[in-house]
Amino acid sequence: MYFSRIRFQRESISAADLSKVLLGDGYQNHQAIWRLFQSPDKQRRDFLFRRDMEDSWPVFFTVSSTQPSGDHGVWRIESKPYDPMIRMGDSLAFSLRANPVVTRWVGDDENKRHARHDVVMEAKARLAQEEVPKQNRPSTVDLAQEHGFAWLEKRSEKSGFAVKQGRVQVDGYQQHLLRKTGKRRPIRLSTLDFSGLLTVTDPDRFRDMLFKGIGPAKSFGCGLMLLRRV
């Protein structure tokens, strides 16, 4: 596996190329990164990515099975082998952008189907159904912290780590509208940013999660966990 940092060549990037990434949505970002991993025999995505900002410029981080390569007149690509040494009980600082959702049955008996709802809007809808007065309802920030943390904690055991309340910050709730070429209906998804400390409980499962990501919407820049030792 490889860990890469991908940035624009600031000296040579055209305004048109820069605007596509700055103004584009998650789907356009995915297309831009996908092109760096394309090969004649590649049919499936084999990378995770995350977009951040660095000195007001976009920067992408990727974890992939092959090294990215592309037009070096546009991109500055820095890659290194990614084979983290993980031990039981390791305490690690982490950062994660994820698409936390819950799945519910919707429709009548004849037309039942699964539908995904983001955890914040699900919590807001439940409070409304319970007729909790608006002035007594938690803020969006508080709902993101409570229900975002619960979503991560629920998935932590399968992913080989443990988290504790008070050691994880959940914020940055955003709703996104992504437009895919050839599709009339846009894709809607939401994201939360997680940061804090975790403890490794199963090194093999944890490594597998680092390579495969956590949660849905990986094609749109979600699920890649960044780590540093503390």
Side-chain heavy-atom pair [X], [Y] within 4.5 angstrom cut-off:
X: Trp75; Y: Phe8; answer: yes
X: Pro58; Y: Met53; answer: yes
X: Leu227; Y: Pro84; answer: no
X: Ser190; Y: Val120; answer: no
X: Met1; Y: Ser65; answer: yes
X: Cys222; Y: His176; answer: no

Counting only heavy atoms not in [X] (residues, nucleotides, ligands), do more than 12 fall under 6.0 Å from its [atom1]?
X: Arg229; atom1: CZ; answer: yes
X: Gln169; atom1: CD; answer: yes
X: Glu131; atom1: CD; answer: no
X: Arg126; atom1: CZ; answer: yes

Are [Y] and [X] connected in a single hydrophobic cluster, I mean Ile/Leu/Val/Met/Phe/Trp/Tyr linked by side-chain heavy atoms less than 4.5 Å apart?
X: Leu152; Y: Leu189; value: no
X: Val59; Y: Phe3; value: yes
X: Met225; Y: Tyr2; value: no
X: Ile214; Y: Val200; value: yes
X: Phe194; Y: Leu226; value: yes

If we ignore hydrogens and angles and just use 3.5 Å, is the side chain of [X] paired with the main-chain N or O of [Y] as donor and acceptor?
X: Asp90; Y: Arg87; answer: yes
X: Arg97; Y: Gly172; answer: no
X: Asp118; Y: Val101; answer: no

Hey, what do you get for [atom1] ([X]) to [atom2] ([Y]), rounding to the nearest 0.5 Å?
X: Leu36; Y: Phe49; atom1: CG; atom2: CZ; value: 11.0 Å
X: Ser219; Y: Leu48; atom1: OG; atom2: CG; value: 9.5 Å
X: Thr62; Y: Arg5; atom1: OG1; atom2: CZ; value: 12.0 Å
X: Lys218; Y: Asn99; atom1: NZ; atom2: CG; value: 9.5 Å
X: Leu96; Y: Met209; atom1: CG; atom2: CE; value: 8.0 Å
X: Met88; Y: Phe206; atom1: CE; atom2: CZ; value: 12.5 Å

Closest contact, heavy atoms only, Ala93 versus Leu197:
CA-CD2, 3.8 Å

Check Tyr173 against Met121 and note the closest heavy-atom contact, atom names and distance.
OH-CG, 3.3 Å

Residue pairs passing the side-chain hydrogen bond (donor to acceptor under 3.5 Å, both in side chains) test where at least one lies in residues 196-213, sequence neighbours excluded:
Asp83-Arg207, Asp208-Lys212

Could you pull out all donor-acceptor pairs under 3.5 Å where a side-chain atom in residues 140-149 meets a protein atom, sequence neighbours excluded?
| unit_1 | atom_1 | unit_2 | atom_2 | d |
| --- | --- | --- | --- | --- |
| Thr140 | OG1 | Lys124 | NZ | 2.8 |
| Asp142 | OD2 | Ser139 | OG | 3.3 |
| Gln145 | OE1 | Val170 | N | 2.9 |
| Gln145 | NE2 | Val168 | O | 3.0 |

Give me the ring orientation class for Phe161 and Phe94: parallel if the planes are under 30° apart, tilted from 30 to 60°, perpendicular past 60°.
tilted

Listed by chain and number, what are the salt bridge (charged side-chain N to carboxylate O under 4.0 Å, His left out) partners of Asp171, not counting sequence neighbours?
none

